[in-house]
There are 4 protein chains.
Amino acid sequence: MTPRKPAAAREGEPLSAHLVAAAERLLARHGAAGLTVRAIAREAQVADGVLYNHFADKEELIALALRAHVRSVERSLPPLPTAAGSGTLEDNLRSYVGYGLALHLAILPAFAGLVAHPKILHRFAELSMPVEQGPPLRAALTAYLRAEQALGRLSPEADPDAAATMIVGACHELILPHLFHGTPAAEIAVPPDFAGKLVATCLRGIAPPGV
Amino acid sequence: MTPRKPAAAREGEPLSAHLVAAAERLLARHGAAGLTVRAIAREAQVADGVLYNHFADKEELIALALRAHVRSVERSLPPLPTAAGSGTLEDNLRSYVGYGLALHLAILPAFAGLVAHPKILHRFAELSMPVEQGPPLRAALTAYLRAEQALGRLSPEADPDAAATMIVGACHELILPHLFHGTPAAEIAVPPDFAGKLVATCLRGIAPPGV
Amino acid sequence: MTPRKPAAAREGEPLSAHLVAAAERLLARHGAAGLTVRAIAREAQVADGVLYNHFADKEELIALALRAHVRSVERSLPPLPTAAGSGTLEDNLRSYVGYGLALHLAILPAFAGLVAHPKILHRFAELSMPVEQGPPLRAALTAYLRAEQALGRLSPEADPDAAATMIVGACHELILPHLFHGTPAAEIAVPPDFAGKLVATCLRGIAPPGV
Amino acid sequence: MTPRKPAAAREGEPLSAHLVAAAERLLARHGAAGLTVRAIAREAQVADGVLYNHFADKEELIALALRAHVRSVERSLPPLPTAAGSGTLEDNLRSYVGYGLALHLAILPAFAGLVAHPKILHRFAELSMPVEQGPPLRAALTAYLRAEQALGRLSPEADPDAAATMIVGACHELILPHLFHGTPAAEIAVPPDFAGKLVATCLRGIAPPGV
DNA sequence: TATGAATGAGCTTTCATTCAT
DNA sequence: GATGAATGAAAGCTCATTCAT
């Protein structure tokens with residue numbers, strides 16, 4: 001009982017993508033707080049009801065927006081060094097740390113904010129790969145470490161799993177407390193040479209020399 | 001025509017504490033999801049409106065409940081080895097890992113679920129100490145490592161900050177992905193000897209012997 | 001986040017009854033059309049959300065309003081002649097017809113309008129007696145006829161069930177077509193001596209004398 | 001970039017008829033509940049908007065569908081005995097009863113469900129003849145009874161109007177309560193020899209012999 | 001003429017908060 | 001202090017209707 005305006009010109013882009021992009025923007029900006037269908041519609045400059053012409057419900061749209069957010073952040077980051085043996089081990093690991101920091105800085109707020117909405121996370125999980133051996137970044141780092149170990153650039157006794165868990169975990173650890181403190185993501189500062197110190201510690205260990 | 005009942009059997013306990021305890025119970029059980037004022041009142045077996053006689057608003061009550069939850073979990077865990085020099089370093093670090101896992105398993109769901117409610121987190125932050133050097137557990141571990149280093153049980157070149165970040169971070173890393181996957185906290189399994197492998201890796205490093 | 005006014009003074013009457021009465025008024029006036037929770041709240045002069053403090057949902061309230069409507073109509077009608085043997089049979093049957101007409105005139109619009117809302121009707125059915133042998137009026141008439149038959153004031157071969165069905169049905173038949181025609185209930189006219197003709201026909205039958 | 005398909009295989013049938021048929025199908029299947037424009041379009045396998053190229057609005061389409069439904073049910077039933085004097089009176093009346101039961105079983109749910117939509121019913125009424133002397137079936141039965149009366153096969157004092165009202169009404173009475181109870185039309189059972197008992201009662205009356 | 005994406009008022013329902021008692 | 005009924009904004013979602021293509 002109320003149509004009329006054809007509304008905002010969106011130039012060829014399908015509205016579903018436009019809506020996902022709008023939701024993604026809100027997710028990136030404010031996390032899951034205030035992520036209502038009305039807010040999304042306003043951000044997308046479309047009518048309140050449109051979303052239901054393209055998605056089953058709010059959950060589906062937000063799950064897609066979350067995926068888009070993760071992908072877009074991943075695309076914005078330099079590629080990870082996956083080829084073992086090239087470059088120095090330290091440089092490569094520092095790249096992983098930098099990647100992890102940037103990635104988590106961008107996506108942790110969204111994920112954490114959605115912990116109270118398990119339905120959305122479940123939808124998101126359905127969209128993704130099986131992921132049963134941990135999140136993609138940790139899996140990639142584990143694989144990389146294993147490859148380096150095979151080349152002899154890592155101690156044969158090293159535990160790639162544990163090392164990857166520590167390194168990726170350290171990236172979380174730098175960000176989570178700020179999140180839990182209410183600090184806006186933009187204001188989180190990385191201590192100088194965080195990556196360098198982390199990698200050094202991980203490579204050489206902290207035990208005293210003769211042990 | 002309706003008031004004056006002391007309501008539930010609370011035996012002299014101030015009502016504010018009773019309310020905080022009720023909110024804490026809900027927080028521990030279901031995280032932040034469904035944590036409504038009505039649900040808290042029902043859990044506390046008191047009237048809907050009481051909370052406003054004791055707290056400024058819902059945010060304040062939940063912030064206090066969050067603090068109570070953290071404290072109660074901390075109290076339930078064995079004390080951390082803070083005296084450097086006693087016991088073996090490895091054992092002590094394994095204690096920290098065990099502590100961190102148990103602590104995060106219990107409190108991460110609540111914290112993560114509240115990321116979408118910055119007002120509550122801000123209130124919670126005001127309740128705590130300045131804590132600007134990271135969360136308490138990491139600070140404690142850093143202090144412990146520094147003390148061991150002073151005793152010569154750690155390499156003089158070790159970076160206690162980085163090591164603490166990695167160790168505490170690894171505990172997060174084990175739990176967060178499950179949270180983001182929607183797994184109920186109760187079902188999260190710790191891999192066998194997680195602590196041992198972590199500590200070994202951290203102590204000895206992963207670089208090949210001769211480096 | 002928005003209380004303030006104590007609103008309309010309702011002098012002791014519980015709000016649940018007030019809401020049921022408001023819904024009943026709308027039901028009586030317009031049938032089920034436009035019977036929204038907002039319309040009910042406006043009719044009751046209360047806030048939109050109140051109803052959920054007293055009823056599980058809209059269905060429950062309307063089911064109760066429907067019952068209240070039926071009861072209130074029943075109360076407004078003269079009592080049915082249930083004592084067989086007193087008065088003349090014809091007079092008594094005419095009373096039934098008059099009763100049926102008035103009753104159906106008042107309640108058929110509401111019932112018919114709710115046929116498209118089976119959930120409400122189901123809730124209503126749960127509120128009522130088992131009613132498995134037809135609606136109360138028909139049951140009462142059947143019982144009355146049976147009693148008269150036992151007294152010999154009815155042919156021993158008469159079929160009270162069939163007769164009751166015809167008589168009550170005739171009352172429906174007078175009203176339904178108007179309902180289906182969109183005639184407002186108020187404008188439905190009963191032909192002169194409808195009851196008398198009906199009763200005469202039923203008593204004497206339409207077969208020619210000698211058969 | 002999207003139009004021009006003739007859509008479903010409709011083989012020359014005008015689209016308006018196709019739409020009416022689709023709406024009729026839904027009406028027959030589920031009554032008026034869930035009878036949305038989209039549901040009709042999906043049933044017809046055409047675009048959502050087409051209906052507005054052929055009908056003023058939803059009301060008009062459904063009114064036409066209702067008429068189509070009534071006609072299609074009528075066509076599916078054996079013809080009524082309209083020729084007075086042929087066959088036995090009882091058989092003929094039993095035919096009317098059977099016809100009325102089958103007819104009402106099929107169309108009452110639709111009509112009743114639309115009572116809350118007076119606009120549709122009004123549109124439907126406009127489509128039909130003046131019909132001011134009651135619905136077609138009752139009119140036909142009245143006419144038939146009158147003809148039989150003229151032939152002397154009915155008492156000269158019988159009131160064909162009242163008799164027709166009772167008979168047709170009895171058919172309503174058997175079905176309506178189930179509708180109001182939420183019983184799906186398919187499950188409504190007719191008591192054994194309902195027609196026979198009804199006709200006998202109507203023919204012979206229920207008064208005791210000597211009266 | 002057919003399409004179907006877009007519109008937006010309106011629906012039911014939830015919930016933090018107030019206040020007369 | 002305690003009660004809990006009442007408030008009303010705002011949430012997620014539906015659906016008749018329009019109109020550029």
Quick one: [X] [atom1] to [N] [atom2], roughly how many Å, whole number?
X: C/E60; N: E/dT13; atom1: CD; atom2: C1'; result: 14 Å
X: A/L61; N: F/dC13; atom1: CG; atom2: P; result: 10 Å
X: B/F55; N: E/dA16; atom1: CZ; atom2: C1'; result: 16 Å
X: A/Q45; N: E/dG8; atom1: CD; atom2: C1'; result: 16 Å
X: A/K119; N: F/dA11; atom1: NZ; atom2: P; result: 16 Å
X: C/Y52; N: F/dG12; atom1: OH; atom2: C1'; result: 13 Å
X: A/E59; N: F/dG12; atom1: CD; atom2: C1'; result: 9 Å
X: D/R42; N: F/dT14; atom1: CZ; atom2: C1'; result: 12 Å

Cationic N near anionic O, under 4.0 Å, B/R29 to B/E43: yes

Salt-bridge present (C/K119, C/D57; N to O < 4.0 Å): no

[X] side-chain proximity, nearest of [options]:
X: A/K58; options: F/dC13, F/dA6, F/dA2; answer: F/dC13
X: B/D48; options: E/dA2, E/dC11, F/dA5; answer: F/dA5
X: A/V46; options: F/dG1, E/dT7, E/dA2; answer: E/dT7
X: A/H54; options: E/dA6, F/dT17, F/dA11; answer: E/dA6

Residues in salt bridge (charged side-chain N to carboxylate O under 4.0 Å, His left out) contact with D/R42, at least two apart in sequence or another chain: none

Donor-acceptor pair (no angle test) under 3.5 Å: A/R38 side chain, F/dG12 base: yes

Donor-acceptor pair present, C/N53 side chain and F/dA5 base, under 3.5 Å: no

Consecutive Watson-Crick or G-U pairs in runs of at least 3, all under 3.5 Å, in which DNA chain E is involved: E:2-21 with F:2-21

Value rounded to 0.5 Å, distance of CZ in B/F124 from CD in B/E60: 14.0 Å

Distance in Å, D/L19 CG paired with D/I62 CD1, rounded so as to fall on 0.5 Å steps: 11.5 Å

ring-ring contact (aromatic ring centres under 6.0 Å, His included) partners of D/F180, counting only residues at least two apart: C/F111

Of B/L35 and A/L51, the one whose closest DNA chain E nucleotide lies more 5': A/L51

Closest-nucleotide ordering on DNA chain E, the 5'-leading residue of B/D57 and A/A47: A/A47

5′-ward residue of the pair C/S16/A/A56 relative to DNA chain F: C/S16

Side-chain (D/H18) to main-chain (D/A44) donor-acceptor, under 3.5 angstrom: yes

